[in-house]
Structures are given as structure tokens and as C-alpha cells.
Amino acid sequence: MKVAKVIVDVPTSQTNHTFDYIIPADYEEFAQKGMRVSVPFGPRKVMGFIVDITNDSDFDQLKPIDQMMDITPVLTEELIQVGIWLAEQTVSFYIQAFQAMLPQVLKAKYKKEIEALTDVELSPQIQQLLDGRAVMDFEEFEQRKGNYQALLKEIKAGHVKMNYKVQSKETKKRLVFIEPNVEPYLIEEALVDMKSNAKKQRAILEYFITHPEPIEQRLLMEKLNTTTSTVKSLIQKHLLRKKEQLVYRNPYDDDAIQPTSPLPLSTQQQQAIEPVNEAVDRENHHVFLLHGVTGSGKTEVYLQAIEKVLMKGQEAIVLVPEIALTPQMVHRFKGRFGSDVAALHSALSPGEKFDEWTKIHNNEVKVVVGARSAIFAPFENIGIIIIDEEHETSYKQDEQPRYHAREVAKKRAEFHQCPVILGSATPLLESYARAQRGVYQLLEMPERMNDVPMPPVELVDLRDELHAGNRTMFSRKLLDEIRDRIQRNEQIVLFLNRRGYSTFVMCRECGDVMKCPNCDIALTYHKSHHQLKCHYCDYHIAMVSECQACGSDTIRYFGTGTQKVEESLKEVLPEAGIIRMDVDTTRRKGAHEKLLDRFGQKKADILLGTQMIAKGLDFENVTLVGVLAVDAMLHIPDFRSAEKTFQLLTQVSGRAGRHQLPGKVIIQTYSPEHYSIQLASQYDYQSFFQQEMQTRKAFHYPPYYFLSLLTVSHPNQVKVMEVTKMIRKLLGKHLSDQATILGPTPSPIVRINNRYRYQCMIKYRHEPNQRMIIRKILQHYHEEIQQHDLRIQVDFEPYQLM
DNA sequence: CCAAATTTACTA
DNA sequence: AGTAAATTTGGT
């Protein structure tokens, strides 16, 4: 007898273990680890993953697997192990880890239906409700206000039964082709017999006489300007027939991509790639930190390292931050490796994601370029893993399982015995520190390609502007330079750092700030809909004209939004053409690219935007980059704020003067003396690293200490404080003396969606038992979590301290 | 004393 | 999570 060990799709701590099921004799041959199954679980059926197959079980009342949901495993044995490891590392449930590794559409969909077993003895009200049908969706039954008690009685009496169904959501895209169903001469005969008023039908038949090969129905209709019904009637006459073909949804126009060939490497690129190639050859799972300034040609190094891996018959994973994963980026890889590339990112529809995943699953591609979750690409012979812009926060998932793609990459690289490259112009402090200690191997590329120097950075002290009576958000210097570029027909990128800023609404009479009733945060004014919105829940109201507290009409907006900047820019520079890029103007699909295209075609002088324009922009005509105010980011209560500011400024500066024309960067700030701004303006990563390390050491922050963040939330503030206090006590009792526990402190946003939030932070260097202790604490509160709406969130090495 | 509401136990 | 069984509640 074969027994499958199954992780079921029920995310609770009581079911976070395998359940044994008999593999029915018919399935015994082909049931494998990593397949999805539907299994009976209590009175219903649920989806599950087979994680192991054994010959017997300690349990003696086994039920058989209901159904296999896959014909080939969706998880490799390696990925099953990675999933188990991931769940343990992040204190998540196994099922959550497995779900996170697969495309959305492979999640189960559950359906209940009622089936009448007899049509006589049913109670009148049920009979009437079923309307003579033998089966009905339970959802429909509820919609029709069916009596559940009466239904239960019928089920007990055995007249009706409830069917539980597990379905997979995946779909395949099919194209419908039309082709002749008979010999050509028969079509000609039919044409003769065809009534003369059937013009459209005639046209179609005539078409097939000259073009007997199959044609896509959509195309045929387009060509002959007809509709499906005409085609249908010809099919009914058996003259034509339908043929369906499975195709991949293709979000990229592959034909439009220009193939490229390897470029000659510069000396520094050569020096960087050599140790990587050696690691590929020797199958070493070394981690390389490629520290290369913007424009040093990191991508070419990646491309050629991958080429080597492909020649060995192995596969490559390339991770790119979500915002940098533009079509241009994908084109670069497709240009070099053609149809060997799959791309996975959030702009794809669920169906498109599934198709890209299927290509990997079917071994039809060798390279995957994608955002965070692409680290789980089901390759079986990985030769290299590359993480570009490794310092980016988007590599950390901010929901369960809270994993960091870098850690998964290292885990997989160890299994596959292959190198990992972490690439960045501004490596995360943790990474650079590891490189210095020799944990990672450091590869430096300090020079830009073609000797283009980094553009000079000028700091403008906004306090001086204020003293000089300039109350606008543009310094005189910046305006001069902008005018100069417009006159020379060159382009400008203006960057507004939104983080930390918001456009809140305040009454000037009584100082009342409009707040969200559910969350402890000010409402943000959105001009496009003339609404006040909460960024943490979906609360929104129409903009008010009077103060809610005192009734005065002296309501004013504070803060700086891109819309407001655009307006005042238009006032000072009426002649300038401006393209604004923010959440509002880029919401529609493809809008992002369209705006950038327009800017690239010089249809505007100024590109004004938020975070999203800091990455990957490369326009040869941009010679001036302005940062309007960087201070908000500096003052975010986060120990990484200096580092984030440094990264951002370096990133933004790299957008100017990338080609022939020399560039310039102007940074407006109220604190020009701050070291992260000073050192960023000098492009001095080394000094920044040294200085920031001292701060981190002094305040016991990473990389000197590890952090873990526990956030407790509940509708009742007293309850939250009590629980958090208790958790702190428990942690203090069980963790070692070296660990520091901070808290309970209210989270930066104390209330979200009517839930109060308090947190505890653990700073430690070595706590091997930490996860076990936290698991025990979670177990201790298990009951309250399940029944009393208590939530305890655990985040190891958090990126967001919110 | 019964039925409804709430809590608890369990899924192989 | 979702269900059935067990226990408490609360109204007569």
C-alpha cells in the first residue's frame, strides 16, 4: 500500500503538519511528490500537496486521495525542501510557503453544490427551491434564501447530499482556427449551390478556395469583415470546421526585439567576471557582491555570465526589482537569449504569469527574469542566480511568508552548487559588511563605461532661499539651470520625494487635521477625484469645504504633491512642457511606458515624478536632474533612513548625462551638512559605509545586530498592550542574556482599520532558539488568535518597521 | 427545561 | 478554514 503525506490547504497551527492518505491503486503508478491533490478533510474536500510518499502509516483509519490535480509535479523535490525550510525560517505555515512558490492560478478554488438524490420525498420548500434540478450551486441556494435547517434535515434523511469540489483555477489560452472540412471541389460545388443573397458565406468559401490552409477565426473575420455567426452556419453545413490550438499568452512582442551579441568587456568587467566564471565552472556556491557604480556595465557582466551557464547546459535566474522590471529590461535579456527567456512580474495578468511559469516548468526556457517570486522558478539544474539592485526593499515580501529573496537564493544556490551574484551601486550595509569580512566575495567596478564621468552634484541650501525671501519650492539656482536647459533644447528630470510627505488638510482656525476614523493617520487630499483618502484602509470622503471641528472655512492643504509642484512650475515657467508621472497618471496599464516614450521623443522639457522615475531611466538628452527636497526621507523614524537617502540620491544622480552631453545634478535640502547628502553628492560610498557603520554599531543596529519585530494587533488597545507586555516578558525569560528586547511600544501607526498595534523588537547576535521560542509564544496565544481576533505578526530582519 | 447561542475539538 | 459536537446562556 502506498501512502501520501499531504500538507493540506488549511492555514492554522493545528493543521500545520502532514496528513496521511492512501494512494488509490489506479494512481499508484504516477502519484509523485510535489503534485497537488484533492483530499477528504472532515466532511469536505481540500487541496493539498504531496510532500512525501511512503509504504505505510502510523495512522490506521486512512482515507484515500480523492483526486490528483496534476499530471506532473508542480514542485520539484528541491522546492519542497525549500518550502519546508522557508516555513520554518519565517514561522509561517507550510501551506503558505508552498502557495508562495507557485503562480496564483494554481491555488485551489472551492465549490459546494447540493445534489438531490430523489425527486419525490423532498420537503416542498426544498423541492421548490431546487426547481426540478438535480444539482445546484450552494451559493445559488443561499442567494435564493434557502433554509439551511431544512436542507440539513434532508441531508440527514439521505434525500439530498452535499458535494464538495476542489478545482484548480488555471486556464489555457486557446486560439480558434477555421479550416475547410471537405475537398476543394466540394467547396466549389457548394459555392454554386449557395443562395445569391448569402454574400458573406460566399466570400468566406471563395477565400478558402484560394487559401485552403487553417486561419485564425479572429483574423478571418477581420479580413472578410464578417461575424462568427456566418462562420458558424458554414460549419453547420459541414463545409468548414473549427480547430482549437493551445498557445501561450505572449505579453511581449518577440519579433520586435533586436538580437544582440556579447560586447567586448572592459578591463574591470573582465576582472569582475573571471571569478564568477570560475565559480560556475567549479560549481562553487560562492556569493559575489558586485559593487558597480551606475553605468559601469553590470548588466553585460550578468549577460555573459549567463551565457557561460547556458553553454554548460544549465539554467539562470535573474531577479530585478519590481519597478525596474520594465519591458526594456526584459528586451535586453530576450535580445541576447531570444526565446530561452521567461519573464515574471506583477504587470502580467494571472494567465500570462501562469504561461511564463509553464514554460519554465516544461523546460522550454533556460533563463527567467523576474521580480521577487521568480526565485522559486522550478528549474532543476540552476547554474547561476543573479540579484540586481540587491539593496532594494522589494526583495522582502511584506506578507506571510515574510521571506527575503536573497536568503532563498543562497539556499537554492547551495543545493545546486552554483554562484550567486548580488549587484548594486549602493549595496545594503549588511551585504557590504559581509563582503568585507570575506563571507561574500567582493567585485568592484568603480569606473563608468566609456569614461563618462558621474555628473557633478550641487547642493542648494533651502534655508538660504527662505532667508532671501524665496518661498517657492524651486531655488533660484535650480530655476536658472532649468531655463538654461530649455533654451538649449535639453531635458530635465525633477524628482519629488514623496515618502514622508503627504498632502494633508488642516484648518487654520483651530489647527484640526482631518483624520481617518479607522486609522490613526491623516487623510490625504487627492485632487483628481477631489477626495480625501486614507492610505491604509479604503476610507474616502468627498473634500470638505468647512472645518469639521470648528466650522470655519479656512481649510488649507499642506505638504507637497506632484500635482501641486506641476502647478507652481507652470506658474514660474509657463513655456515649459511638463510630463508628470505619479500614481494618478500611471494607473492605467501601459500608461507608464507611454509617458516615458513621449519624454524620449522630446515632446516635453521636464519629467516630474516620484520614486518611480529614480530607476532605470536612460535618456541621452537629459542633462539636468533636480531633487526638490530630500529631507522628508532623512527624517523618517527608521534606522535605515540615512542609508535610504544615500541610495536614492545616488540612484537619481545616475539619471543625468549618461551619454555625450555632460550632466548636472541639483539637490535642494534643508540639511546640506548631513553626511548622507554630503557623501552622496561626492559619490563616496566607502566613506558613507564607514560612517554609517559607526552609527549602527553605537545604536546596536544591523549589521552588528540582527532584528526581529513582533507586532501585536487587536481592536482593544488595553488588550494589545497587555499581550505585548506579556510577550516581552516571555521573550525576556527564554532568550539569552545578550538579546535586547525593546518595547512594548506603539507602532509608528498606532491604529489601522480600527486595530491597535503595539510592537516588540529583539536585537540580538546569536539566538539559535529564537524561532522555537516565538513559535511557543504563538501557540500560547493560539486560542485568542483563532477566536478573539488577536493577531501577532513576526518579521525577522524587517525592512519596514511599521 | 428546552432551544438558541457560543465555545471547543477535530480533520488522516 | 469549516464543520459538528459540546457546553453555556437565557428565557419561559
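Chain letters run A, B, ... following the sequence lines, proteins first and then strands; every chain starts at 1. Computed from a predicted structure; not experimentally measured.
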Worksheet entry | Between C1' of C:dT3 and OH of A:Y110, the distance in whole Å | 15 Å

Worksheet item: Rounded to whole angstrom units, what separation is found between the CG atom of A:D9 and the P atom of B:dT11?
Response: 18 Å

Item to complete: Starting from C1' on B:dA12, measure out to OH on A:Y21 and report it in whole angstrom.
Response: 5 Å

Fill in: Nearest-nucleotide pick for A:P11, side chain only, options being C:dT3, C:dA1, B:dA12
C:dA1

Item to complete: Rounded off to whole Å, could you give me the CG-to-C1' distance for the A:L62 and B:dT11 pair?
Response: 13 Å

Worksheet item: Is the closest side-chain donor-acceptor distance between A:Q99 and A:D9 under 3.5 Å?
Response: yes

Item to complete: To the nearest Å, give me how far apart CD (A:E783) and C1' (B:dC10) are.
Response: 14 Å

Worksheet item: With a 4.0 Å cut-off on heavy atoms, is A:F93 in touch with a base, just the backbone sugar-phosphate, or nothing at all?
Response: nothing

Worksheet entry | Among B:dA12, C:dT3, C:dA1, the one nearest A:H17 by side-chain distance | B:dA12

Discussion item. Using 0.5 Å steps for rounding, measure from the CD1 atom of A:I774 to the CG atom of A:L731.
Written reply: 6.0 Å

Worksheet item: Taking the side chain of A:F59 as its heavy atoms from C-beta onward, which of C:dA1, C:dT3, B:dA12 lies nearest to it?
Response: B:dA12

Discussion item. On the nucleotide C:dA1, are OP1 or OP2 found under 4.0 Å from the side-chain N or O atoms that A:K45 carries?
Written reply: no

Item to complete: Could you check A:Q717 against A:Y758 for side-chain contact (heavy atoms from CB on, under 4.5 Å), going step by step and ending with a plain yes or no?
Response: CA-CA 9 Å; A:Q717 188 164 16; A:Y758 275 67; 3.1 Å; yes

Worksheet item: Are the charged groups of A:R36 and A:E170 less than 4.0 angstrom apart, N to O?
Response: yes

Worksheet item: Passes side-chain contact (heavy atoms from CB on, under 4.5 Å), A:Y110 versus A:M47? Steps please.
Response: CA-CA 9 Å; A:Y110 296 103; A:M47 193 268 281; 3.4 Å; yes

Worksheet item: Is the aromatic ring of A:F19 within stacking range of B:dA12, meaning centres under 5.5 angstrom and planes under 30 degrees?
Response: no

Worksheet item: A:Q786 CD to B:dT8 C1': how many Å, rounded?
Response: 10 Å

Item to complete: Could you check how far NE2 of A:H788 sits from P of B:dT7, rounded to whole Å?
Response: 6 Å

Worksheet item: Separation of A:I50 atom CD1 from B:dA12 atom C1', in whole Å?
Response: 14 Å

Discussion item. From the set C:dT3, C:dA1, B:dA12, return the single nucleotide nearest to any side-chain atom of A:K112.
Written reply: C:dT3

Worksheet item: So does A:Q14 get a side-chain nitrogen or oxygen closer than 4.0 Å to the phosphate oxygens (OP1/OP2) of B:dT11?
Response: no

Worksheet item: Considering only B:dA12, B:dT8, C:dG2, which nucleotide approaches the side chain of A:K63 most closely?
Response: B:dA12

